[in-house]
Structure formats: C-alpha cells, structure tokens
Amino acid sequence: NGNVGTASGPGGANADWMHFNAISYNENFDQIVLSSRFQDEIYIIDHSTTTEEAASHSGGSYGKGGDFLYRWGNPQNYDRGGGSDHILGDQHGINWIPDGYPGEGNFILFNNNHASNVSAVLEFIPPVDENGNYNLEGSQPYGPDSYIWVYDYNLDSDMQSGAFRLPNGNTLITEASAHHIREVTMEGNTVWSYTYPNNQSLIARAQKYPLDYFGSDSYTLGDINDDGAINVLDVVGLVNIILGN
C-alpha cells in the first residue's frame with residue numbers, strides 16, 4: 001500500500017523495497033546471485049546478457065534475458081507455496097560454496113530473522129543441473145523445501161552479518177550486532193572466536209585469508225608492522241592487536 005517514494009510506500013521514503021545486500025558470482029555457470037532483505041528471497045540472474053537482452057525475456061546463455069533463473073526463500077512472492085515455505089527472513093551474505101570446499105556448489109547464508117530472536121546460518125542445495133539450469137516442478141515453488149545444515153547456537157543479529165565455508169569444512173560466521181566472529185565445525189563446535197571490544201561498533205561481514213594470500217614474496221612471517229625486520233616492535237604490535245587497539 002502507498003506510493004513508492006513516500007513514507008507509507010514500500011521501503012519508506014527512499015523506496016528501498018528490495019534492499020539488495022549481498023552478491024556472489026559463479027564463474028562455472030556465468031551467473032550472479034543476489035540477496036533481497038526486504039523480499040526474504042535470493043535471486044539468480046544470467047551474467048552473459050547484453051544490456052538490451054537483460055531488459056527483455058530472451059537472450060543470453062540461458063535464453064531468458066533478464067528474467068530470474070532461480071529464486072528461493074519466500075515463494076509466496078510469486079504466488080506459490082504457503083507459509084511453511086517462507087524460510088528466509090532479512091537474510092544476508094548469500095554465496096556459492098567454492099569448488100573443492102566441503103559442500104561445493106551449495107549455497108550458504110546468514111538468515112537474520114530465522115525465528116523469534118534467533119538468527120541462523122543455513123546451507124541448502126539448489127536444484128541445478130550440470131549446465132546451470134534450475135528445475136521447477138509444475139505449480140510447485142523452486143526447491144529445496146528445506147536446508148541441509150543449520151547453525152543457530154546463541155546467534156542473533158537483526159542486521160548485516162554473513163557466513164562463509166572454509167576449505168577445511170568449517171564455517172566462518174560474522175554476527176554483526178554482537179561485533180563477534182566465530183569459526184564452527186559441521187558439528188557446531190566453536191574452534192575460534194573473536195569479539196571486537198568496542199560495543200558501539202558493528203562488524204558487517206568478515207572473511208578468513210591464508211597467510212600466503214598475497215604471495216610469499218610480499219610479506220615476512222612475523223613482521224607485524226611491515227618494516228622489513230622482526231624485532232620487539234612486532235611483539236608490541238601483536239600485543240596491541242590482541243588487546244583490540
């Protein structure tokens with residue numbers, strides 16, 4: 001109800017009725033996935049289309065132009081399914097699990113409003129074939145009808161946040177409102193955590209990088225202040241990092 005761009009319209013005066021908050025790219029399929037917080041859905045579109053094709057219903061690698069190739073989380077938006085199919089709530093951080101990682105090809109995200117005062121990280125398997133086509137049965141909503149993995153222990157953030165699968169099979173979770181990062185196993189055990197000491201700050205989303213991420217020639221292990229020498233100044237810098245300064 002209400003006119004777009006007014007206080008009573010969708011998304012309020014800023015007309016932010018979709019509020020996209022995350023994006024991920026699949027190089028194998030040449031597809032882009034987007035997360036819409038206000039629609040409680042994720043959408044996949046064809047990256048191969050031209051500007052003209054994207055404004056139509058044809059063209060591109062999948063022949064659908066700018067139409068959605070797949071959507072999931074709240075099928076009542078397109079008049080399918082029921083209340084029990086409305087799984088996502090204000091979600092953030094949608095991304096494909098990379099090739100070679102446990103769960104490769106699956107989706108993982110941070111579902112902010114999973115239940116009353118509870119957030120959760122969800123992993124689910126999209127109904128996709130080897131060519132990047134998504135199955136849709138009759139009048140049914142896009143599958144799956146549930147997720148294959150969930151982590152919701154002591155997790156609650158009504159904004160931002162994210163989750164990323166790591167090469168070792170663990171999952172790195174950012175809980176923005178609590179300015180907290182944790183790494184958990186598939187069994188739900190926490191193996192590492194960090195809380196930023198300034199309780200007025202948020203951590204929108206974090207990722208974990210290996211020590212050699214920038215190449216072995218670009219740094220010296222232990223050279224905290226990057227001055228080309230390892231000495232007491234690096235110890236002081238490390239202590240300050242630990243103390244949160």
Side-chain angles (χ1 to χ4, degrees), residues 1-2 4 7-24 32-44 68 70-97 103 106-126 141-165 171-184 186 188 190 193-196 199-207:
N1 296 324
V4 172
S8 62
N14 293 325
D16 187 17
W17 59 282
M18 294 294 288
H19 194 92
F20 287 116
N21 57 33
I23 184 172
S24 182
I32 293 172
V33 63
L34 304 162
S35 166
S36 172
R37 172 184 173 98
F38 288 167
Q39 297 301 317
D40 296 343
E41 276 195 292
I42 61 101
Y43 307 102
I44 292 179
F68 295 138
Y70 175 69
R71 56 195 300 181
W72 191 79
N74 184 15
Q76 290 175 301
N77 282 343
Y78 54 103
D79 298 323
R80 297 194 180 204
S84 62
D85 301 302
H86 188 164
I87 296 174
L88 298 184
D90 301 331
Q91 78 288 339
H92 283 74
I94 182 67
N95 53 91
W96 274 282
I97 296 177
N106 297 345
F107 278 119
I108 192 167
L109 56 78
F110 190 101
N111 196 27
N112 297 70
N113 187 19
H114 187 66
S116 179
N117 298 318
V118 174
S119 300
V121 173
L122 307 180
E123 177 186 350
F124 64 96
I125 304 174
Y142 279 107
D145 57 9
S146 189
Y147 34 85
I148 63 166
W149 185 75
V150 58
Y151 178 88
D152 59 1
Y153 176 72
N154 196 25
L155 204 61
D156 181 24
S157 181
D158 62 352
M159 63 182 67
Q160 301 175 7
S161 310
F164 295 92
R165 179 61 44 78
T171 300
L172 190 72
I173 302 170
T174 307
E175 189 180 5
S177 296
H179 39 93
H180 183 69
I181 307 170
R182 72 186 80 173
E183 180 181 339
V184 303
M186 293 298 291
T190 300
S193 67
Y194 171 76
T195 299
Y196 187 65
N199 60 14
Q200 300 300 314
S201 299
L202 299 174
I203 303 178
R205 197 169 299 152
Q207 293 197 48

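Computed from a predicted structure; not experimentally measured.
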Donor-acceptor pair, distance only, cut-off 3.5 Å: does the side chain of [X] make one with the backbone of [Y]?
{"X": "Gln39", "Y": "Trp17", "result": "yes"}
{"X": "His179", "Y": "Tyr196", "result": "yes"}
{"X": "Asn112", "Y": "Ser161", "result": "no"}

Can you tell me how far [atom2] of [Y] sits from [atom1] of [X], rounded to the nearest 0.5 angstrom?
{"X": "Asn21", "Y": "Ser35", "atom1": "CG", "atom2": "OG", "value": "4.0 Å"}
{"X": "Asp90", "Y": "Ser157", "atom1": "CG", "atom2": "OG", "value": "10.5 Å"}
{"X": "Ile108", "Y": "Leu122", "atom1": "CD1", "atom2": "CG", "value": "8.5 Å"}

Indicate yes or no: at least one non-hydrogen side-chain atom of [X] is less than 4.5 angstrom from one of [Y].
{"X": "Arg71", "Y": "Tyr78", "result": "yes"}
{"X": "Ile94", "Y": "Phe110", "result": "no"}
{"X": "Asn77", "Y": "Glu41", "result": "yes"}
{"X": "Thr190", "Y": "Glu183", "result": "no"}
{"X": "Ile23", "Y": "Ile32", "result": "yes"}
{"X": "Leu34", "Y": "Ile42", "result": "no"}
{"X": "Tyr142", "Y": "Pro126", "result": "no"}
{"X": "Ile181", "Y": "Leu172", "result": "yes"}

Problem set entry | side-chain hydrogen bond (donor to acceptor under 3.5 Å, both in side chains) partners of His86, counting only residues at least two apart |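 Scan of His86 (side-chain hydrogen bond (donor to acceptor under 3.5 Å, both in side chains), adjacent residues dropped) gives Asp40, Asn74.
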
For this session: Kindly write out the residues that satisfy side-chain hydrogen bond (donor to acceptor under 3.5 Å, both in side chains) with Glu123, not counting sequence neighbours, or none if the list is empty.
Result: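 Counting only residues at least two positions away or on another chain, Glu123 forms a side-chain hydrogen bond (donor to acceptor under 3.5 Å, both in side chains) with Asn106, Arg165.
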
Atom of [X], atom of [Y] and distance for their closest heavy-atom approach:
{"X": "Gln160", "Y": "Ala176", "answer": "CB-CB, 3.7 Å"}
{"X": "Gly143", "Y": "Trp72", "answer": "O-CD1, 3.4 Å"}
{"X": "Arg205", "Y": "Gly93", "answer": "NH2-N, 3.6 Å"}
{"X": "Leu109", "Y": "His92", "answer": "CB-O, 3.7 Å"}
{"X": "Ala120", "Y": "Leu155", "answer": "CA-CD2, 4.0 Å"}
{"X": "Ile203", "Y": "Thr174", "answer": "O-CG2, 3.2 Å"}

Problem set entry | side-chain contact (heavy atoms from CB on, under 4.5 Å) between Ile173 and Val184, worked out | CA-CA 8 Å; Ile173 302 170; Val184 303; 3.8 Å; yes

Problem set entry | Mutual orientation of the aromatic rings belonging to Tyr153 and Tyr151 [parallel < 30°, tilted 30-60°, perpendicular > 60°] |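 Judged by the thresholds at 30° and 60°, the geometry between Tyr153 and Tyr151 is perpendicular.
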
For this session: Evaluate the ring planes of Phe107 and Phe124, with Trp represented by its six-membered ring, and classify them as parallel (under 30°), tilted (30 to 60°) or perpendicular (over 60°).
Result: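 Because their plane-to-plane angle lies in the 30° to 60° range, the rings of Phe107 and Phe124 count as tilted.
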
For this session: Quick one: do Met186 and Trp149 satisfy side-chain contact (heavy atoms from CB on, under 4.5 Å)? Show the steps, please.
Result: CA-CA 8 Å; Met186 293 298 291; Trp149 185 75; 3.7 Å; yes

For this session: State yes or no: are the ring centers of His114 and Tyr147 separated by less than 6.0 Å?
Result: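 Judged by ring-centre distance (under 6.0 Å), His114 and Tyr147 do meet the cut-off.
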
Exercise. Who are the salt bridge (Lys or Arg N to Asp or Glu O under 4.0 Å) partners of Arg182, not counting sequence neighbours?
Worked result: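 Scan of Arg182 (salt bridge (Lys or Arg N to Asp or Glu O under 4.0 Å), adjacent residues dropped) gives Glu175.
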
Problem set entry | side chain to side chain donor-acceptor pair (under 3.5 Å) between Asp158 and Ser177, worked out | CA-CA 7 Å; Asp158 62 352; Ser177 296; 3.3 Å; yes

